[in-house]
Amino acid sequence: SDFDVPHSVSAGALLRAGPLTLTGLYRYRSGTPFTPGFRAGVDANGDGSPWNDVAFVDDTVTGVGALLAAWECLKVQAGRFAERNSCRDPGVHTLDVRLSLGPVRINQLEIALDAAGLNLVESDEAVRDHALYLVDGGRSISTDPLTGTVSVPLTVNPNFGQPLVRRSPGRMIRLGFRVTY
């Protein structure tokens, strides 16, 4: 599945010392799987769908060697079509911490203070570029007159695996003060 996330872990801790409470929650999930291919709108295999074209991992294309060294999932697929969901985006880590004081009774009032740090360990969550190749606009498409084979000039995508749109929620500090009577 495109939404398969097989590895996840959560760990929480709570420490109380009188009216003071410290809690923490750490979460990790592995990255979303993807299939190396072409950008949306490119129908490289001519099947009429510009959304599902899988790339042939050709180590003879200039620049692919650097990607093979950086991406283990590509290295094992050199010389063949990329397998469905064979690569993964980076995993996501989060850490939330909360410090609470109270409630403390002063005369007729109960006072409580809270300080929370959300997403203190922030991962770079993003929609990533899963296009292994780009169409090289500097060269012409050619057609073999004998076989009718169309050759589309390709260039390696230098931004493969890099963020297209960042979706990280950011770090946040939240302070709270509560008085009840």
Side-chain angles (χ1 to χ4, degrees), residues 1-17 20-45 47 49-100 114-134 154-176:
S1 164
D2 292 340
F3 302 106
D4 176 34
V5 183
H7 306 295
S8 64
V9 66
S10 296
L14 176 112
L15 177 65
R16 284 195 180 127
L20 196 62
T21 304
L22 177 64
T23 58
L25 178 63
Y26 171 79
R27 293 174 303 228
Y28 168 81
R29 69 171 171 79
S30 59
T32 307
F34 69 91
T35 306
F38 293 87
R39 287 207 176 133
V42 176
D43 186 14
N45 61 7
D47 67 351
S49 174
W51 306 102
N52 65 352
D53 293 359
V54 176
F56 184 86
V57 184
D58 187 354
D59 54 358
T60 64
V61 174
T62 304
V64 170
L67 288 179
L68 294 179
W71 290 81
E72 185 66 31
C73 64
L74 292 176
K75 186 186 307 184
V76 299
Q77 299 182 83
R80 63 180 199 229
F81 282 98
E83 293 178 22
R84 179 166 169 73
N85 292 334
S86 57
C87 292
R88 284 197 172 274
D89 290 333
V92 177
H93 301 265
T94 60
L95 175 65
D96 300 335
V97 177
R98 181 177 176 179
L99 179 64
S100 300
D114 287 322
L118 305 174
N119 206 28
L120 296 178
V121 176
E122 184 179 29
S123 293
D124 190 15
E125 292 185 66
V127 173
R128 296 184 178 273
D129 193 348
H130 298 151
L132 183 58
Y133 303 112
L134 302 175
L154 300 177
T155 183
V156 71
N157 181 4
N159 296 317
F160 178 77
Q162 299 302 311
L164 290 171
V165 177
R166 296 191 189 279
R167 298 264 170 109
S168 297
R171 294 178 183 93
M172 184 180 350
I173 303 291
R174 184 175 60 198
L175 302 174

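Values in this document were obtained by computation on a predicted structure and should not be read as measured data. Note that these values count all heavy atoms, side chains included, but never hydrogens, waters or copies made by symmetry. Numbering starts at 1 and runs along the sequence shown.
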Of V42, T155, N159, the residue whose pairing with L134 passes side-chain contact (heavy atoms from CB on, under 4.5 Å): T155

Pairwise distance OG1(T62) to CG(L154) - rounded to 0.5 angstrom: 11.5 Å

Which residues share a salt bridge (Lys or Arg N to Asp or Glu O under 4.0 Å) with R80, sequence neighbours left out: E83

Side-chain (D53) to main-chain (A44) donor-acceptor, under 3.5 angstrom: yes

Step-by-step side chain to side chain contact (heavy atoms under 4.5 Å, CB included) determination, D124 to S168: CA-CA 6 Å; D124 190 15; S168 297; 4.1 Å; yes

Any donor-acceptor N/O pair, N157 side chain to A131 backbone, under 3.5 Å: yes

Salt bridge (Lys or Arg N to Asp or Glu O under 4.0 Å) against D96, all qualifying residues, sequence neighbours excluded: R27

E125 bridged to R29 by N-O distance under 4.0 Å: yes

Main-chain N/O of H7 paired to Y28 side chain as donor or acceptor, under 3.5 Å: no

Partners meeting side chain to side chain contact (heavy atoms under 4.5 Å, CB included) with V156 (sequence neighbours left out): V64, L67

From CA spacing to verdict: side chain to side chain contact (heavy atoms under 4.5 Å, CB included), T32, N85: CA-CA 9 Å; T32 307; N85 292 334; over 6 Å; no

Nearest-0.5 Å distance that lies between atom CG in L22 and atom CG in L15: 6.0 Å

Inter-residue atom distance D43.CG - W51.CH2, 0.5 Å rounding: 11.5 Å

Parallel, tilted or perpendicular: rings of F34 and H130 (30°, 60°): parallel

